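So the structure is just underneath, and the comments pick up after that.
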Amino acid sequence: MLGAGAAVALYPDAALRAVSVLLGLALLAAGLFEMLPYLLFRGRICGIGGATINGAITLLLGLLVLFNRWITVAAAPVLFSAWILLTGAGTVVRALDLRHFQARRWPIFLALGLIQVAAGLAALFQPMAAVRVVGLLAGLQLALRGADALLSALFLDSFYL
């Protein structure tokens, strides 16, 4: 996801034209992979509820992007702003869940979530600016989701109960 985020941020015009297929598939895969830990480790790892919510939201957005190409291109800024906001809220919930279980590195996930919430709100309240930077927004979100996945993998031992 870090690579996809960089590619989308570097080539926003091409990303917007190809958003209905390439990004839809990336979102679909990201959503599935984000939901996978819940299916595999439910009850053994804390903090995966928020990731599961993020995965479901990402999966649904991927399906919407794949099957509604024309609407997606017109509504891309609003869709991505809402995606960033909602997955950021899910990451905040995950961080608070990790805090509840006294995981050491929960503030890292809280910071990632708050960055996403702030970016999502800014984009929703400035839709014309979001239109100009939709590729950058999508790239930022993919990079943040990739950072979340990498940090989860690095700190997985601290999530065991």
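Keep in mind the model is a prediction, meaning the values are calculated, not measured.
Remark: the Thr91 side chain and the Arg145 side chain contain an N/O donor-acceptor pair separated by less than 3.5 Å.
Atom CG in Leu32 sits 11.0 Å away from atom CG in Leu27 (nearest 0.5 Å). Of the inter-residue distances, the one linking Leu151 atom CG with Arg105 atom CZ reads 9.5 Å to the nearest 0.5 angstrom. Rounding to the nearest 0.5 Å gives a distance of 11.0 Å between NE2 of His100 and CG of Leu98. The distance from the CZ atom of Arg94 to the CG atom of Leu110 is 12.0 Å, given to the nearest 0.5 Å. Taking OG1 of Thr58 as the start and CD of Glu34 as the end, the distance is 5.0 Å to the nearest 0.5 Å. Between the CG atom of Leu64 and the CH2 atom of Trp83 there is a distance of 12.5 Å, given to the nearest 0.5 Å.
Across all non-hydrogen atoms, the minimal contact from Val117 to Gly88 is CG2-C, 3.6 Å. In terms of heavy-atom proximity, Thr87 sits nearest to Gln116 at OG1-NE2, 3.8 Å. Residues Ile84 and Ala119 approach most closely at CG2-CB, 4.0 Å, considering heavy atoms. Contact detail for Ala82 and Leu124: the closest heavy-atom pair is N-CD2, 4.3 Å.
In the hydrophobic clustering of ILVMFWY residues, with side-chain heavy atoms under 4.5 Å counting as a link, Trp106 and Ile115 come out together. Val93 and Leu60 are not part of a single hydrophobic cluster, where members link through side-chain heavy atoms under 4.5 Å apart.
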